[in-house]
Amino acid sequence: ANDRKRNAAGVFAKQAFLRFNGLGGNRSHMLKLGRFEFLDGSETTPKSTTLAALKRDRINMRLLGHFGWAHVGRSFDGVHYSYAKPTGNFTFVGAIPTRGVFQTDGWGQNEAAFGYASYTRPWGKGRHAADTRVLALHYHDWRKVLKTDNRTLPVRQLDMGNLRIATFGGHTLHAIDSKAAVYDVMLWGTVQTGRWGRLDHSAHAVSIEGGIQPKAFAKLKPWFRAGFYDGSGDGNPADGTHNTFFQVMPTPRPFARFPFFNLINNRDTFGSLVLRPHAKVTVSSEFHALRLSNRNDLWYLGGGVFQPWTFGYVGRATSAARSLANLYDTSIEYRMNPHVTLTGYYGFAQGLAAMRTIYPKGKNGAFGYIEMLYRF
């Protein structure tokens, strides 16, 4: 990503914008112009702590994000407008993604742009809290780069046409606080249409999750969750239609803490357990059973455009094998004080049939890190 240099560094403006609050004397209006970060789904923060945690960890950045935890990250040059009332929030963002993520020269732009609009509404009464959003996202990429899909290389080399992808969807979150436990339900889904170079584009993605926080174990405050995600894949590379779900420009990390997968052509059945034995300590363990949605498509990695000459996603053929891996992981977070947070993580991926076709001598993988976050 940096001309194959072993050591690379750069200094650039990560954010530089003007923000106007209370346009026309109405405090509900906000306008931001310049270079800024934006995370889809983060337009509002629910008052319910359960819903706020779900939005932060399971909703935000599925389609648009700053690619946090990469070496450089991503910003957007453009306009961000919101109209916020207690009864709802309307947001519009139109921008061009900056270079970055893995490239240390973040000054330049890319020949790609998007327009995003959403309406988010909190609702519910009493012990039932809810948060619902509808969204529309149009992505246009006119870079002349080789696309990553399941067509043969000679066919892809002849297709340098633009991407024009329209995404429609949203989410709804619900938390019900009963005497015995707090229950939560999450639904997220999108459909896509448009053009993938010379091909028509038609795809979808859906996620269904639920959780329970029993009140009987007050010392540990456990939170059990389980869910299922499916992002469509393409079954026929020669039929004139591209059916692989396109994740646009997300931040992959929240949904793949061991980042060997994303939400493209992926079927993820997962379970998780969160323990909070102390106000400063959170222990989180997850299990993911990962399969390709379509065996005739690729195993995809990446998080979208980050430089003009790289598509942003890579893919590997798996010889029609679908089972990718079983992922077991655990993290421990210690919030030392309001400024310092320490995190340790370890994940083990048990490679299955798809991994075995590519890595016959070593299908398993392991990943661990120690992180310190300082807020100022």
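We count residues from 1, following the sequence as given.
Between W299 and Y359, the ring-plane angle classifies as perpendicular under the 30° and 60° cut-offs. Classified by interplanar angle (parallel below 30°, tilted 30° to 60°, perpendicular above 60°), the ring pair Y369/W69 is tilted. Between F311 and F246, the ring planes lie tilted relative to each other; the angle falls in the 30° to 60° range.
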### Query
Going through the distances and angles, do K147 and D149 end up as a salt bridge (charged side-chain N to carboxylate O under 4.0 Å, His left out)?
CA-CA 6 Å; K147 300 173 183 60; D149 57 53; over 6 Å; no
### Message
Run the salt bridge (charged side-chain N to carboxylate O under 4.0 Å, His left out) test on D40 and R133 for me, step by step, so that the C-alpha distance in whole Å, both residues' side-chain angles and the decisive distance to 0.1 Å come before the verdict.
### Response
CA-CA 10 Å; D40 87 282; R133 172 184 57 142; 3.1 Å; yes
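Counted by atom type alone, S118 and E43 present one or more donor-acceptor pairs between their side chains at under 3.5 Å. Looking only at atom types and distance, the side chain of E333 has no donor-acceptor partner in the side chain of T282 under 3.5 Å away. Under 3.5 Å, the side chains of R225 and Q213 contain no donor-acceptor pair of N or O atoms. Remark: the R62 side chain and the T251 side chain contain no N/O donor-acceptor pair separated by less than 3.5 Å.
Within a 6.0 Å sphere centred on CG of L153, heavy atoms belonging to other residues, nucleotides or ligands number more than 12.
Across W223 and D184, no two heavy atoms sit closer than the pair NE1-OD2, 3.0 Å. Residues M372 and V340 come closest through the heavy atom pair CG-CG1, 4.1 Å.
Across Y328, Y345, F348, F367, a single residue satisfies ring-ring contact (aromatic ring centres under 6.0 Å, His included) together with F258, and that is F367.
Cation-pi geometry between R58 and F270 is met: under 6.0 angstrom from the ring centre, within 45 degrees of the axis.
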